[in-house]
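Take a look at the structure below.
Lettering of chains follows the sequences in order, A, B, ..., and the numbering in each one begins at 1. Values reported hereafter were calculated over all heavy atoms of this structure, with side chains retained and with hydrogens, waters and symmetry mates removed. This one's a predicted model, so the numbers in the text were calculated from it and none came from an experiment.
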Amino acid sequence: MSDRKHLTREQTKDIDENIAWASINTDVLRSMENPRRGYWVAMAVSVCLFSVMIYAEVYQYMYGMGAALLNTSHMWDLYISTFVFWIGMSHSGTLLSAILHLVHADWRKPIYRFAEAMTTFSLMTAGIFPVIHLGRVWNFYWVMPYMTDRGIWPNFRSPLIWDAFAITTYLTSSVLFLYIGMIPDLAICRDNAKGWRKPLYTWLSLGWRGDDRQWRNFRFTYLMIACFLIPLAVSVHSIVSMDFAMSIMPGWHVTTFPPYFVAGALYSGCAAIITLFILLRYFFKFEHYMTFPILDKVCKLTFVIAMVWTYLNLVEFASVWYGHDIPSKEVLIAKATGPYSPFFWGMMTFGSVLPFSLLSKWVRRNMYVLFFASIFLNVGMWLERWMIVTPTLSLGYHPQAFNVMWPGWTEWAMVGGSFGWFGMLFLIFVKVFPCVSMYEVKEMVFHRKRTIYEDVDEMMTLHSGVPGPKAQAQTQTSGGA
Amino acid sequence: MSSLLGNIFKGWSDYTKGNEEGGHHDYEHMYAMVIDLDMCTGCNACSTACYAENNLATVGEEYFGARQAMHWMRIERYFDEPNVGEAEADTQSRGASFLPMMCQHCNAAPCEPVCPVAATYHTPDGLNAQIYNRCIGSRYCANNCPFRVRYFNFYDHQETAWPAPMEQQLNPDISVRSKGVMEKCTFCIQRTRAARNTAKNEGRAIRDGEIQTACQQTCPTSAILFGDLLDETSAVHQAWKRHQVQLGKYAQNKTNPELRGYRIFEELNVDTKVLYLERVREV
Amino acid sequence: MSKTKINRRNFLKVLGLGGAGAALAGCDMPSTVTLEEGEEKIYSYLAPEEYVIPGVGVWYASTCLQCPAACGTHGRVREGRVLKLEGNPDSAVNAGKLCQMGQAALQAHFNPDRITAPLINGQPASWDDALALINEKASGGNVAWMTGTVSGHQRVLLDAHLAATGKGHHYAVETVNARAWTDAGKTVLGDAMPTLHLDKAKAVLSLGADLLGTWISPVTFMGQYGKFRAAPRGVLIMVEPAMSLTGANADQWVAAKPGTEAAVALGVGHLLMTKHGLSLNGMPNATSAFQSMTPAQVHEIAGVSEAALNKIADTLVSHSPSLVIANASHAAARIAMVLNIMLGNVGKTLTPGASIAADPLAPMMGSSKDLAEFAQNAAAGKIDAVFISGANPAFVAPQGLDMAAALKAVGFKVAIATCHDETTKACDVVLPLSSALEDWGTHVPAYGGKPGVVHLQQPLMEPLHADTRGLGDILLTLGKSAGVDGLDAFEDYYGYLRTAVSAMIGSELEGDWHRVLQAGQFETRAASRAFSAGHDVALGFSETAVSGLHLVTVARQGLYDGRHANSSWLQEAPDQISKAVWDSWAEIHPKTAASLNLKDGDYVRLTTASGAITTRVFIYKGVHPNAVCVPMGRGHTDYGRWANNGVNPLTIVDAHLGDWQSSEIIATASLVKIDAAGENRHLVRLMDTDQQYGRKLVATIPAQQFGRTQGGA
Amino acid sequence: MSTERSKRKPFPWVQAAVAAVVVGASIVLGAQIFERQLHPESAGVAPAPRVPGAEFPTDTFAGKDVEQPINYSHKLHAGDLGINCLYCHTYARRSKVAGIPPTAKCMGCHTVVGTDKPEIEKLTQMWQSNQSPAWNKVNDVPDFVHFSHERHLQKFLFDNPEMDIKNAPDVCAMCHGDMNQVGVAKKMKPLTMGFCVRCHESNQGPSDCTRCHK
């Protein structure tokens with residue numbers, strides 16, 4: 001490992017297949033220890049942001065929803081757009097762990113764990129927003145169909161109910177998926193842990209010993225949940241899109257919204273993966289695992305999804321433009337020319353033009369540029385959600401209600417705070433759980449090596465220093481001879 | 001056990017049947033309104049009467065400016081759009097037009113299916129009802145209302161709108177809505193309730209004209225009519241018939257296109273129950 | 001509600017029943033929680049009348065005093081509280097309808113800023129002290145009264161008090177008045193208040209008379225307007241400098257330069273004579289006045305095009321009978337009367353007015369002339385003591401009258417008021433008045449009632465504040481101490497009124513009295529009036545100032561002249577025309593705005609010869625380019641929590657520009673200068689657009705089609 | 001692979017069966033608890049149907065004894081003396097609220113009866129000083145609920161051919177419990193929405209939300 005050249009941007013292999021299994025464990029476990037100053041700074045920032053959010057929510061609770069400067073035509077604003085944003089973010093993990101797992105793209109292995117954690121946490125972040133945007137938060141559980149003395153049920157026709165079901169299902173499945181995929185790694189942690197971590201990992205690893213039966217059941221379960229998760233992920237964001245598509249408002253009532261939202265979700269998820277990829281690689285010195293070729297692949301994937309998203313965007317514009325719905329057309333024109341136009345064009349620039357930079361190999365191999373590019377991609381995606389929600393409301397059907405509204409401080413505080421909350425969860429995660437899948441990286445190394453050495457035996461010899469069975473047999477044969 | 005299951009199955013079949021037939025029941029009444037825009041002078045009497053009758057909170061300049069006012073019935077003022085060849089600045093010589101705009105009690109109301117807790121729904125009286133204490137304030141209904149006539153309690157207005165002793169004026173037949181709750185015109189449902197009670201006590205049906213909404217009762221030019229569309233003798237039914245406007249249609253099949261009756265945003269197929277009569281212009 | 005045996009305090013306390021008093025708890029309570037037992041109190045009645053049932057509303061008839069029209073009302077009373085007012089369907093004035101000011105009478109009654117105890121020099125005092133002081137200071141010398149429009153038995157008592165105290169004068173002050181019209185009626189037809197038949201007219205030409213908004217009896221006129229608009233549909237033409245509610249509803253709205261309506265009317269008369277061959281027999285003065293005003297001159301003076309003038313004349317002739325009304329100026333009103341004669345409307349749409357025979361009860365109509373006279377007399381030291389009730393001279397008086405100094409010059413001032421205002425602040429003694437919903441009284445509608453009908457005002461609830469007294473009671477007390485004959489027999493005003501009304505209806509029976517209470521009105525002997533033949537009065541148009549920007553102050557239904565400014569309902573009810581709320585604004589035409597380089601919401605300083613105010617502009621086209629229209633009503637400084645916003649344009653009206661042939665202060669004659677004041681803030685309005693953006697919100701139909709289809713089909 | 005497969009344990013049928021039984025049992029049990037509330041007679045707590053044609057809600061509520069300014073006894077007046085509820089709560093048949101009887105009604109008897117008792121003296125003193133006692137409300141529904149005594153009395157008492165006005169206490173007892181047994185007053189029925197809804201279901205009352213919610 002002394003030669004660091006292979007870790008630079010000239011690197012061509014996804015992973016160094018000669019990496020020692022023991023060092024994988026060491027590297028990953030090291031990342032979970034002794035937080036450094038940077039970690040605490042990041043944590044402090046996150047906690048501060050989150051505290052501001054709590055303050056804003058308490059203030060809003062006491063004062064009323066008017067604190068967010070919502071008004072009679074703008075009943076929804078940043079809360080809902082940020083909710084959609086976080087739901088979208090959650091699609092990355094599913095994409096990387098489930099979809100790529102099914103298509104056997106093994107380069108996902110070093111990076112899927114944190115992507116999956118991101119899924120879970122962004123869902124947990126997203127889930128906050130529909131609750132805090134309620135006028136009477138304390139009654140939020142009324143959307144759940146529970147048996148009550150009063151004999152009343154929620155309204156199953158409402159997309160918000162579908163949302164509640166979809167999100168809770170998706171969150172449960174994501175947590176399960178994250179957890180089950182982590183069990184072998186938790187066992188490794190258990191074996192190396194001391195102090196308070198020991199009972200935690202012991203409890204969490206469910207007595208994993210790594211025997212064949214456990215592995216078989218594990219593989220089966222993992223595959224099952226992966227298969228289950230993919231349609232779920234698609235349906236979740238389709239259902240979120242129906243919050244808008246099921247309404248009659250111009251600019252919301254769009255048939256292509258479900259695929260459009262799913263594409264947008266995958267898009268922002270990929271962009272977020274790039275961001276976190278770079279951060280983790282840098283801070284945890286995961287250069288051996290989070291390599292440039294993998295980043296390169298993620299970038300290409302992002303570009304493709306960006307183009308799908310752009311295409312669907314254009315489809316929407318075209319169908320409105322050539323359609324007969326005048327109010328919809330007015331909303332579209334207002335988006336492009338009205339007071340919100342800087343944000344609209346910002347969204348178009350960041351969402352559709354900026355991804356073309358990913359075509360450049362220089363960009364794909366330049367972490368600094370890529371870091372900021374990925375951030376701006378997500379800014380674009382956040383703007384997209386805002387541009388879906390707000391211009392429609394500012395320009396509905398009734399001229400009396402036409403007005404432009406700018407979000408109040410509580411809204412900004414909660415948008416910012418949601419990043420704090422997410423960051424907090426993620427920072428805790430990376431110190432408590434392995435954010436690179438150790439066993440799967442080993443698998444990856446193993447499989448890669450096999451393609452080179454062709455001979456399992458030879459590889460095993462190389463890793464363990466002990467000759468494999470075949471070699472032993474050979475030795476015996478030769479010795480015997 | 002059997003009755004529980006029976007309940008569930010019956011409930012389900014009612015539900016699906018209701019959905020297939022537009023999501024509603026067998027109507028007992030179908031309260032509707034007629035507003036003659038040629039008679040409406042825009043004097044605001046109806047709006048103020050509504051404040052008095054329905055415990056509407058005044059919000060003050062700041063909140064009004066933030067468009068958080070709570071006027072269930074608002075009178076909009078428009079100038080005509082210019083005729084061909086006419087200067088835009090001259091349209092005022094035909095006067096202005098006023099539009100009283102309140103909940104249209106759509107029969108296919110966009111607000112109803114989207115409420116997560118069914119706080120807004122269609123009553124057997126054909127009204128679009130809002131149950132305040134069921135509302136959790138998701139505000140989806142207001143977003144989906146093309147008329148923008150659903151008003152949300154962004155704040156608690158009790159202390160500012162009714163400083164003592166003003167709370168003594170509050171109508172006890174209606175609750176005072178607290179913050180976080182959506183509210184809107186109910187066609188003065190408390191008056192319907194009272195009339196039904198009287199009629200029941202006297203063992204008869206509700207008479208036409210027995211229920212007057214507050215806006216109708218005070219309207220100095222009598223531009224507002226209110227009544228039951230299912231009652232063929234009612235003035236409202238007669239007016240709808242005379243103007244050849246029918247419920248359940250998004251394009252009316254008028255034999256006489258010169259009739260004045262129309263419904264706003266009919267093309268959205270929300271099936272509103274307020275029939276407006278066109279303003280007349282001397283050309 | 002006759003005098004009951006119920007203790008007053010307990011009567012009010014009966015709130016808990018039916019959850020009424022607790023309505024404030026609202027629906028914050030999760031319904032899973034059952035209410036705790038024993039948390040709320042219920043007070044039972046002691047010995048209620050049989051008809052008092054908790055939870056059941058009872059309707060009582062009374063009379064609305066929100067403006068001088070005196071509409072009949074019904075108040076819904078439940079648990080001893082009045083909850084809602086409706087029009088009294090039996091009243092011929094309003095036929096069951098009410099305007100927004102009438103609806104808001106509830107807020108005047110429940111107002112949190114009511115005066116609850118007598119004040120002497122601003123300090124709370126007892127009634128005895130206050131009355132003793134009044135007896136001491138206002139028993140002799142020149143004791144004047146200043147009121148708004150007053151009628152009925154209050155007027156009788158007031159006149160008696162004035163007569164008993166000596167040589168005082170009664171000033172009736174109404175900024176919003178119809179003095180021009182009544183004077184013209186008296187001069188030309190010999191009847192100050194002729195009956196108008198809008199419903200019979202096929203065309204109505206109004207010269208600045210906002211008959212749907214604030215003129216004389218708006219609810220009456222709006223009721224007639226509803227019939228006027230039915231088929232065959234009448235045509236409404238409005239000539240005025242700034243769009244009023246009537247103008248907004250007109251079929252032809254003609255923007256004339258401020259103060260030139262008379263010229264327009266003369267021009268119409270000219271066309272009627274020359275183009276349509278109408279003539280005025282035996283009125284040479286008028287004929288020559290009409291002949292001398294050619295359409296070309298009208299165009300020059302008033303800025304009204306000849307085409308528009310022709311259209312007016314043609315409509316009046318083709319839609320007969322028509323009706324011409326005016327309130328813009330005395331000149332315009334006279335010309336309107338003569339036009340009615342020329343058009344043959346007299347006897348058809350303009351008939352002799354109806355009144356009651358008992359003249360002392362007839363309404364004493366207010367005017368702004370009385371305001372000016374009061375200021376002059378007071379400043380000259382001719383008034384020793386004044387009682388002020390129902391008028392707010394300190395607010396409505398232009399700066400030119402220097403009302404502050406005038407009031408200071410009066411030795412002793414007594415205000416009888418429900419709320420503090422600018423005038424009560426300047427008074428030595430303030431007597432807390434019961435609200436209109438707590439008081440007894442009789443009122444003769446100035447206009448619109450059935451002949452001989454007197455409206456009865458009865459309390460709808462026990463006084464909200466124990467220490468307030470009704471106007472009648474105060475007048476009775478004052479009258480007694482001033483030694484008015486025959487008052488000692490009455491313990492209170494209720495007794496006096498009941499005796500007086502019994503005498504008028506000719507029955508002392510309890511049942512008849514109850515019938516009167518139930519109806520809210522009673523019939524007495526009517527006086528029949530008749531028109532005298534048209535007097536050939538001098539007609540003319542005084543060119544006060546026809547060029548330059550004029551300040552036009554208008555009253556809008558709602559805040560009226562400012563007396564309703566402390567009502568949150570009316571402050572929040574968007575102004576009918578501009579749709580603005582809670583603040584003042586200056587309406588200017590886009591052309592004027594462009595020439596002055598002003599944007600919507602710019603603050604401007606309006607300077608007249610009398611002073612300056614700063615407010616923001618509202619640019620729209622419903623105003624003549626030569627006019628700057630500032631609605632009155634706002635700009636209070638001491639009138640409760642909701643009233644202190646905006647500016648008061650009345651202060652800068654040039655008081656010395658009296659109307660032609662009268663000393664009425666005219667609201668359109670002050671020249672004004674506009675300077676940008678720098679700041680710009682969005683005017684809070686109901687809606688920021690005039691346009692429907694192609695949405696079919698208010699659809700229109702040509703009148704011919706309406707004529708064809710209205711009958712049925 | 002094949003050897004591994006053969007080693008696989010058989011499906012745990014026994015455990016699965018136990019689990020199924022547990023789940024099934026809890027569903028059935030839960031449903032029965034729910035149903036017991038809906039149809040109490042099935043649970044064997046059938047009350048004597050004192051109001052013909054109406055089904056009783058049988059829920060009970062252990063209300064606390066609320067202290068009142070005057071220690072009036074329902075047990076004495078309504079129970080022992082057998083005074084009809086509607087004699088004092090006379091508003092109930094004409095208004096949405098039953099109301100507390102006016103003091104004049106009390107004085108109707110108590111100027112003569114029991115004038116020496118301390119509670120009556122208290123009452124007399126209040127009456128003479130024009131004061132009305134401040135009763136503490138016992139049976140209360142939230143302010144967003146419209147409940148009409150008149151309507152319910154009409155349906156169950158006056159419009160019910162088998163009932164006579166002397167049966168009024170039976171009708172009142174549907175929601176107020178047996179007031180003949182209590183001292184001043186006590187809440188004896190839960191008066192929750194579920195309580196109302198179940199009665200409306202079994203007696204075909206309206207199920208439209210706006211009838212009861214205002």
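With a 4.5 angstrom heavy-atom cutoff, A/W153 touches chain B only via backbone atoms. Proximity to chain B (any heavy atom under 4.5 Å) is shown, for A/L134, by both the backbone and the side chain. For B/F152, the parts sitting under 4.5 Å from any heavy atom of chain A are the backbone and the side chain alike. Neither the backbone nor the side chain of A/A68 comes within contact range of chain B; no heavy atom of the residue lies under 4.5 Å from a heavy atom of that chain. Looking at A/M62, the atoms closer than 4.5 Å to chain B (heavy atoms on both sides) all sit in the backbone: N, CA, C or O. At a 4.5 Å heavy-atom cutoff, the contact between B/Q68 and chain A is made by backbone and side-chain atoms alike. For B/R150, the part lying under 4.5 angstrom from a heavy atom of chain A is the backbone only. For A/D243, the parts sitting under 4.5 Å from any heavy atom of chain B are the backbone and the side chain alike.
With chain B as the partner, the residue from A/I161, A/V143, A/I248 showing the most heavy-atom pairs under 4.5 Å is A/I248.
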- [ ] Take B/R281 and B/S97 through the test side-chain hydrogen bond (donor to acceptor under 3.5 Å, both in side chains) and record every step on the way to the result.
- [x] CA-CA 10 Å; B/R281 288 285 186 228; B/S97 338; 3.1 Å; yes

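For an aromatic pair to be called close, the ring centres must be under 6.0 Å apart, and A/Y397 with B/F147 fails this. Between A/W386 and A/F85, the gap from one ring centroid to the other reaches at least 6.0 Å. Aromatic ring centres of A/F344 and A/F317 lie closer together than 6.0 Å.
No side-chain donor-acceptor contact under 3.5 Å links B/S178 and B/N153.
Between B/D271 and B/R263, at least one side-chain nitrogen of the basic residue sits less than 4.0 Å from a carboxylate oxygen of the acidic one, meeting the salt-bridge criterion.
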